[in-house]
Amino acid sequence: KSRALRKELGELERAEKALEDLITSSSTQLKELTEHGDNQGQLGYVTYQDIRSIASLQDQTVIAVKAPSETKLEVPESSEGSQQIYLKSKNGPIEVYLCPEE
Amino acid sequence: RTRILVSIGESFGTSDKFQKINAMVNSSDRSLKRSLDMSSAPKPLKRL
Amino acid sequence: AQECQNLEVERQRRLERIKQKQSQLQELILQQIAFKNLVQRNRQTEQQANRPPPPNSLIHLPFIIINTSKKTVIDCSISNDKFEYLFNFDNMFEIHDDIEVLKRMGMACGLEVGKCSPEDLKVARSLVPKALEPYVTEMAQGPISNVYITGG
């Protein structure tokens, strides 16, 4: 049984290593997609119409927030009626848009 | 009081940080509604 | 017997790590397919319209959305330099990132919920490197549970 377990552990180790390599390469490809893939960065956008076409957002007020990297978003737990969201940026202004109705 | 602090603005982050926030907001909303229901429930009348 | 017990513990630990890595890889594959699908769709739309959409009708990734009932009263305080915002809601809200928006738009070909038509699967496979294709095919039926070791 010990020999069989050792053999299986060897296979699992190879499998885990293969997954790690794929995760690393996929993360790198994703980063490249937005940073230097020809004009893909320019084409990486959604329209308000796209957002409005999502069924679960049909009867909702939708606010879109575009923030610089490392912007902090804080939500304190609330026991009263009001809920809060606090945004704090250190690398530039935060853009907030109200998604228009249809 | 607990609070959840996350970083935004990065591309392709993980979305489970927002699932935690939404779960917290949802549960505090439900507990608030439950306490409102209980306080508004009619008190049982005393038997003469 | 003690050695077997130790090996069994190690096996369980490794299986757990593999499971975690599989879900991490699955999320990365979804993000790659969703983003490439979005870029492809926007490129086709712009070529058909012969011009990009008006700048104030779109928002570039990365972004997040906050949605709440239309009855909710939202009070918003903004610092002069727009570095700080404080929102007060009198009702509950939800926060979602851009990838969740793309998934709900169908940009991930339904792979996130394991519902993918043969045509969508073909599109999705074309958007990932060859090493990831077996995973995409498996995701079409549900979460990843295999490991495909390429080469060696």
Side-chain angles (χ1 to χ4, degrees), chain A residues 1-2 5-6 8-9 12-16 18-20 22-23 25-27 29-30 33-34 37 40-51 53-57 59-67 69 73 75 81-90 92-97 99, chain C residues 3-4 7-8 10-11 14-15 17-18 21-22 24-25 28-29 31-32 35-36 38-39 42-43 46 53 57-70 72 74 76 78 81-93 95 98 101-102 104-105 129 131-132 147-150:
Chain A
K1 184 176 178 189
S2 171
L5 280 169
R6 284 187 186 287
E8 187 183 358
L9 273 174
L12 291 178
E13 190 172 352
R14 281 184 51 233
E16 188 174 1
L19 279 171
E20 279 167 5
L22 283 174
I23 286 170
S25 63
S26 295
S27 302
Q29 283 153 25
L30 266 179
L33 276 179
T34 53
Q40 294 196 86
Q42 292 308 309
L43 288 170
Y45 59 79
V46 299
T47 63
Y48 290 128
Q49 197 175 354
D50 289 328
I51 293 175
S53 68
I54 296 172
S56 55
L57 298 176
D59 60 352
Q60 296 272 299
T61 296
V62 181
I63 298 166
V65 177
K66 185 150 181 61
S69 64
L73 180 148
V75 178
S82 73
Q83 309 267 7
Q84 272 189 341
I85 298 178
Y86 175 55
L87 298 174
K88 183 166 177 59
S89 164
K90 56 183 181 183
I94 302 168
E95 300 165 44
V96 175
Y97 306 99
C99 193
Chain C
E3 184 184 336
C4 277
L7 288 171
E8 189 58 55
E10 171 60 18
R11 176 177 172 278
R14 199 159 292 266
L15 284 172
R17 279 207 304 271
I18 284 175
K21 284 185 172 75
Q22 280 165 331
Q24 190 180 351
L25 179 62
L28 286 170
I29 289 172
Q31 291 185 4
Q32 189 166 150
F35 184 80
K36 285 187 172 179
L38 177 72
V39 166
N42 287 344
R43 182 177 289 126
E46 288 194 11
S57 72
L58 55 86
I59 183 165
H60 275 90
L61 278 72
F63 65 86
I64 63 170
I65 63 167
I66 303 166
N67 63 284
T68 184
S69 159
K70 282 194 174 168
T72 304
I74 305 171
C76 179
I78 308 173
D81 58 9
K82 292 196 175 182
F83 276 49
E84 284 183 73
Y85 283 73
L86 178 64
F87 295 93
N88 273 292
F89 298 79
D90 71 348
N91 200 341
M92 59 178 289
F93 57 78
I95 303 178
D98 41 17
V101 172
L102 295 189
R104 293 190 189 191
M105 286 167 56
L132 294 177
V147 177
Y148 302 92
I149 297 178
T150 53

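What you see is a predicted model; the values in this text were computed from it and never measured. Residue numbers begin at 1 in each chain, while the letters A, B, ... track the order of the sequences.
In terms of heavy-atom proximity, A/Tyr45 sits nearest to C/Pro53 at OH-CD, 3.2 Å. Taking each heavy atom of C/Lys70 and A/Asp59 in turn, the nearest pair found is CG-O, 3.5 Å. Nearest heavy-atom pair, A/Lys66 versus C/Pro62, reported as atom, atom and distance to 0.1 Å: NZ-O, 3.0 Å. Nearest heavy atom pair, residue C/Cys4 against residue A/Ser2, reads SG-N, 3.6 Å. The heavy-atom pair separating C/Ala131 from A/Leu22 by the smallest distance is CB-CD2, 3.9 Å. Here the shortest heavy-atom pairing between A/Leu12 and C/Ile18 reads O-CD1, 3.6 Å.
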Pair C/Lys82-A/Ile94, side chain to side chain contact (heavy atoms under 4.5 Å, CB included): steps then yes or no: CA-CA 6 Å; C/Lys82 292 196 175 182; A/Ile94 302 168; 5.6 Å; no
Working for side chain to side chain contact (heavy atoms under 4.5 Å, CB included), residues A/Leu87 and C/Phe87: CA-CA 8 Å; A/Leu87 298 174; C/Phe87 295 93; 3.8 Å; yes
Trace of the side chain to side chain contact (heavy atoms under 4.5 Å, CB included) decision for C/Ile78 with A/Val96: CA-CA 10 Å; C/Ile78 308 173; A/Val96 175; over 6 Å; no
Evaluation steps, side chain to side chain contact (heavy atoms under 4.5 Å, CB included), between A/Thr61 and C/Thr72: CA-CA 8 Å; A/Thr61 296; C/Thr72 304; over 6 Å; no
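Most heavy-atom pairs under 4.5 Å with chain C: of the set A/Leu73, A/Ile23, A/Leu30, this distinction falls to A/Ile23. Ranked by heavy-atom pairs shorter than 4.5 Å toward chain A, the options C/Gln24, C/Glu8, C/Arg17, C/Gln31 are led by C/Arg17. Chain A forms the most heavy-atom pairs under 4.5 Å with one residue out of C/Ile95, C/Leu25, C/Leu15, C/Ile74, and that residue is C/Leu25. Of the listed residues (A/Ile51, A/Val75, A/Val65, A/Thr47), the one with the most heavy-atom contacts under 4.5 Å to chain C is A/Val65. Annotation: maximal heavy-atom pairing with chain A below 4.5 Å, among C/Ile64, C/Ile29, C/Asp90, occurs at C/Ile64.
Using a distance-only test at 3.5 Å, with no hydrogens or angles considered, no donor-acceptor pair links the side chain of A/Lys88 to the main chain of C/Phe83. Under a 3.5 Å cut-off, the side chain of C/His60 and the backbone N or O of A/Gly44 do not form any donor-acceptor pair.
In this structure, the side chains of A/Ser82 and C/Phe89 stay at 4.5 Å or more apart for every pair of heavy atoms. Using a 4.5 Å heavy-atom cutoff, the side chains of A/Val46 and C/Asp98 are not in contact. With contacts defined as side-chain heavy-atom distances shorter than 4.5 Å, the pair A/Cys99/C/Ile65 does not qualify.
How far NZ of C/Lys36 is from CG of A/Leu43: 14.0 Å, rounded to the nearest 0.5 Å. Residue C/Arg104 holds its CZ atom at 12.0 Å from OG of A/Ser53, rounded to the nearest 0.5 Å. Between A/Asp50 atom CG and C/Leu38 atom CG the span is 7.5 Å, to the nearest 0.5 Å. In this structure, the separation between CD1 on A/Ile54 and CG on C/Asn67 is 9.5 Å, given to the nearest 0.5 Å. From A/Gln83, atom CD reaches atom OG1 of C/Thr68 across 9.0 Å, with rounding to the nearest 0.5 Å.
Contact annotation for C/Tyr85: both backbone and side-chain heavy atoms come within less than 4.5 Å of a heavy atom of chain A. Proximity to chain A (any heavy atom under 4.5 Å) is restricted, for C/Glu46, to the side chain, taken from C-beta onward. At a 4.5 Å heavy-atom cutoff, the contact between A/Glu16 and chain C is made by backbone and side-chain atoms alike. Interface residue C/Glu10: backbone and side-chain heavy atoms are both found under 4.5 Å from chain A. Proximity to chain C (any heavy atom under 4.5 Å) is shown, for A/Gln84, by both the backbone and the side chain. If you measure heavy-atom distances from C/Asp81 to chain A, the contacts under 4.5 Å come from the backbone alone. Both the backbone and the side chain of A/Ile85 come within less than 4.5 Å of a heavy atom in chain C. With a 4.5 angstrom heavy-atom cutoff, C/Asn91 touches chain A only via backbone atoms.
At most 12 non-hydrogen atoms from other residues, nucleotides or ligands lie less than 6.0 angstrom from NZ of A/Lys1.
Note on C/Glu3 versus A/Arg6: salt bridge recorded, some NZ/NE/NH1/NH2 to OD/OE distance being below 4.0 Å.
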